[in-house]
Amino acid sequence: MRTVWLLLMLWMAFGAYGAPQTLVVAFWNVENLFDTEDDPDNKGDDAYTPSGWMRWTPWRYRTKLEHLAEVIALMKPDVLCLTEVENRRVLEDLSATLLSRHSCALPIIVHRDSRDKRGIDVAVMTHLTPVVTNWLETAAGQREVLACEFDIDGRPLTVVVNHWKSQLGKKAESDEIRRQEALVVRAYLDERLARDPAAAVLVAGDFNDEPESPILVETAGLVPDEARVRADASGRSLFNLAVSLPKEERVTYYYAAGKKWNVMDSISVTRGMLENIEPAAPWQVVKDGYSVFKTPAQCDEDGIPIPFRFVRSKTKGNAFKTGYSDHFPVRVKLEAR
């Protein structure tokens, strides 16, 4: 009887304390998630109506939601960072689809309409309640940066969501806008780390630039060199987890016109979130916990993400692809210290 009692106590202790608490944070550019109604205050949605050139019918909108929900449910995120969403309604519809089709509950939505010229915003869906939310203005006509602070069983975590300027147009002009966005993120990081040098801060987004870009590395401080981050005792440098993967596994977007793979989407973490670092953050990245998430259904025969839109082709003609998104999502698994 005594042996049985001891075994029961050991089992209870392991259940309460032995298994580390884990958390999944994911990011996805979901490629123009618009509803079907015309917003007269948003010219960017004109194509995404039943009479617009995208022929955005209720069936297409519903199918898009179902495809996104399919992948999100497989990722099992606790915090889901999204870009290219039109408004709160599409997020509510996506949340309802997740729950009804996959029993995946992400009921808490953090969103507000931005001044973006295309009428697309950044957002967070989660089952955790943020204790602080910051909206950071960047360049005129661009998306805001969203910073959510959470307190999970006494362990703070900050998630910063980005969608920086694309490289369309003149390079010097787009570079300057991304530099401004990087400066806004850097200023926020400095303020957050001044409050707590060991803060767990995760910076996720579609940066429309490669991890080695000077704008990401030198201006924002998102560094694709773990040794350099570990050596920076100031704690200002964040490690870009994309480079923890082999080059062929870290790509998230295929630029068809240039026939080139890119690493536009990534997640970076503060120094204290790495293993064997002091001061240690309350959350650390699980070993091999970062990945580009993709399923066979998301990819064409060449492994390229299948978009959800009309695709023009000189050889195959124009066709509407009912895929998922033209970006692959990324995710990271964290564990409590």
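These numbers were taken from a predicted model, which means no experiment stands behind them.
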Glu149 vs Asn134, test: side-chain contact (heavy atoms from CB on, under 4.5 Å). Steps then yes/no. CA-CA 8 Å; Glu149 297 183 25; Asn134 289 288; 4.0 Å; yes
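- Heavy atoms only, all atoms of each residue included: Tyr290 and Ala242 are closest at CE2-CA, 3.5 Å.
- By the 4.5 Å heavy-atom criterion applied to side chains, Asn32 and Trp56 are not counted as neighbours.
- Counted by atom type alone, Ser237 and Arg228 present zero donor-acceptor pairs between their side chains at under 3.5 Å.
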Working for side-chain hydrogen bond (donor to acceptor under 3.5 Å, both in side chains), residues Thr295 and Gln298: CA-CA 5 Å; Thr295 63; Gln298 290 170 260; 3.1 Å; yes
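- Annotation: side chain of Leu202 is not in contact with side chain of Val79 (no heavy-atom distance under 4.5 Å).
- A single hydrophobic cluster is seen to contain both Ile267 and Ile152, as judged by linkage of ILVMFWY side chains at heavy-atom distances under 4.5 Å, directly or through other members.
- No donor-acceptor pair closer than 3.5 Å links the side chain of Glu144 to the backbone N or O of Ser114.
- Using a 4.5 Å heavy-atom cutoff, the side chains of Pro77 and Ile72 are in contact.
- In this structure a side-chain-to-backbone donor-acceptor pair under 3.5 Å is missing from Thr57 to Pro50.
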Give every donor-acceptor pair under 3.5 Å between a side-chain atom in residues 269-284 and any protein atom, sequence neighbours left out.
unit_1 : atom_1 : unit_2 : atom_2 : d
Thr270 : OG1    : Ala199 : O      : 2.9
Thr270 : OG1    : Val201 : N      : 3.1
Arg271 : NE     : Val229 : O      : 3.3
Arg271 : NE     : Arg230 : O      : 3.1
Arg271 : NE     : Asp232 : O      : 3.3
Arg271 : NH1    : Glu278 : O      : 3.4
Arg271 : NH2    : Arg230 : O      : 2.9
Trp283 : NE1    : Arg155 : O      : 3.2
Gln284 : OE1    : Arg337 : NH1    : 2.1
Gln284 : NE2    : Glu335 : OE2    : 2.8

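- Between Trp261 and Glu248, every side-chain heavy-atom pair lies at or beyond the 4.5 Å cut-off.
- Between Pro224 and Phe239, the shortest heavy-atom contact is C-CE1, 4.3 Å.
- Looking at Thr252, its side chain never comes within 3.5 Å of a backbone N or O of His327 through a donor-acceptor pair.
- Put simply, Ile109 and Val124 are part of two different groups of oily side chains (I, L, V, M, F, W, Y) that touch within less than 4.5 Å, one to the next.
- Val25 and Val30 end up in different hydrophobic clusters when Ile, Leu, Val, Met, Phe, Trp and Tyr side chains are linked at under 4.5 Å.
- The salt bridge (Lys or Arg N to Asp or Glu O under 4.0 Å) with Arg143 is formed by just one residue from the set Asp206, Asp116, Asp121; it is Asp116.
- Atom CG of Leu238 is separated from atom CG of Leu216 by 11.0 Å, given to the nearest 0.5 angstrom.
- A cation-pi arrangement, defined by a distance under 6.0 Å to the six-membered ring centre and an angle within 45 degrees of its axis, is present between Arg60 and Phe310.
- With a 4.5 Å cut-off on side-chain heavy atoms, Lys321 and Asp300 do not count as touching.
- Side-chain atoms of Arg178 never come within 3.5 Å of backbone atoms of Trp164 as a donor-acceptor pair (strictly under, hydrogens ignored).
- For Tyr61 and Asp93, the side-chain atoms include at least one donor-acceptor pair closer than 3.5 Å.
- Surrounding OH of Tyr255 are at most 12 heavy atoms belonging to other residues, nucleotides or ligands under 6.0 Å away.
- Gln167 places a side-chain N or O within donor-acceptor distance of the main-chain N or O of Asn208, the cut-off being under 3.5 Å.
- The two residues Val184 and Leu136 have their closest heavy-atom pair at CG1-CB, 3.7 Å.
- The only member of Leu128, Thr129, Leu23, Asp78 that meets side chain to side chain contact (heavy atoms under 4.5 Å, CB included) when paired with Phe150 is Leu128.
- Nearest heavy-atom pair, Gly221 versus Arg186, reported as atom, atom and distance to 0.1 Å: CA-NH1, 3.7 Å.
- Considering all non-hydrogen atoms of both residues, Glu181 and Thr138 come closest at CG-CB, 3.7 Å.
- Contact of the Val292 side chain with the Glu249 side chain is not registered, since no non-hydrogen atoms from C-beta on lie closer than 4.5 Å.
- Between the Arg101 side chain and the Ala69 main chain, no donor and acceptor come within less than 3.5 Å of each other.
- The line from CG of Asp209 to CZ of Arg179 is 13.5 Å long, rounded to the nearest 0.5 Å.
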Show the numbers, then the answer: is there a side-chain contact (heavy atoms from CB on, under 4.5 Å) between Phe308 and Thr63? CA-CA 10 Å; Phe308 198 104; Thr63 304; 4.0 Å; yes
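- Side chains of Val330 and Ser266 form no contact here, defined as non-hydrogen atoms less than 4.5 Å apart.
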Apply side-chain contact (heavy atoms from CB on, under 4.5 Å) to residues Tyr253 and Asn29 and explain how you reach the verdict. CA-CA 10 Å; Tyr253 177 78; Asn29 178 330; over 6 Å; no
side-chain contact (heavy atoms from CB on, under 4.5 Å) evaluation trace for Leu189 with Arg192: CA-CA 5 Å; Leu189 291 172; Arg192 183 69 187 86; 5.7 Å; no
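- The two atoms that bring Ala182 and Thr219 nearest to each other are CB-CG2, 3.6 Å, heavy atoms only.
- The SG atom of Cys299 sits 9.5 Å away from the CD1 atom of Ile304 when rounded to the nearest 0.5 Å.
- Counting non-hydrogen atoms of other residues, nucleotides and ligands closer than 6.0 Å to NZ of Lys333 gives a total of 12 or fewer.
- For the atom pair OG of Ser234 and CG of Leu193, the computed distance is 9.0 Å after rounding to the nearest 0.5 Å.
- Taken together through direct or relayed side-chain contacts under 4.5 Å among Ile, Leu, Val, Met, Phe, Trp and Tyr, Leu146 and Val132 form parts of separate hydrophobic clusters.
- From Asp41, atom CG reaches atom CG of Asp38 across 9.5 Å, with rounding to the nearest 0.5 Å.
- Atom CZ of Arg89 is surrounded by more than 12 heavy atoms from other residues, nucleotides or ligands within 6.0 Å.
- Between the CD atom in Glu173 and the NZ atom in Lys165 there is a gap of 8.5 Å [rounded to 0.5 Å].
- A parallel orientation is assigned to the rings of Phe34 and Tyr48, their planes being inclined by less than 30° (bins at 30° and 60°).
- A 4.5 Å side-chain heavy-atom check between Val263 and Glu212 finds every atom pair outside the cut-off.
- The cluster map of Ile, Leu, Val, Met, Phe, Trp and Tyr, joined by side-chain heavy atoms under 4.5 Å apart, puts Tyr254 and Phe27 in the same cluster.
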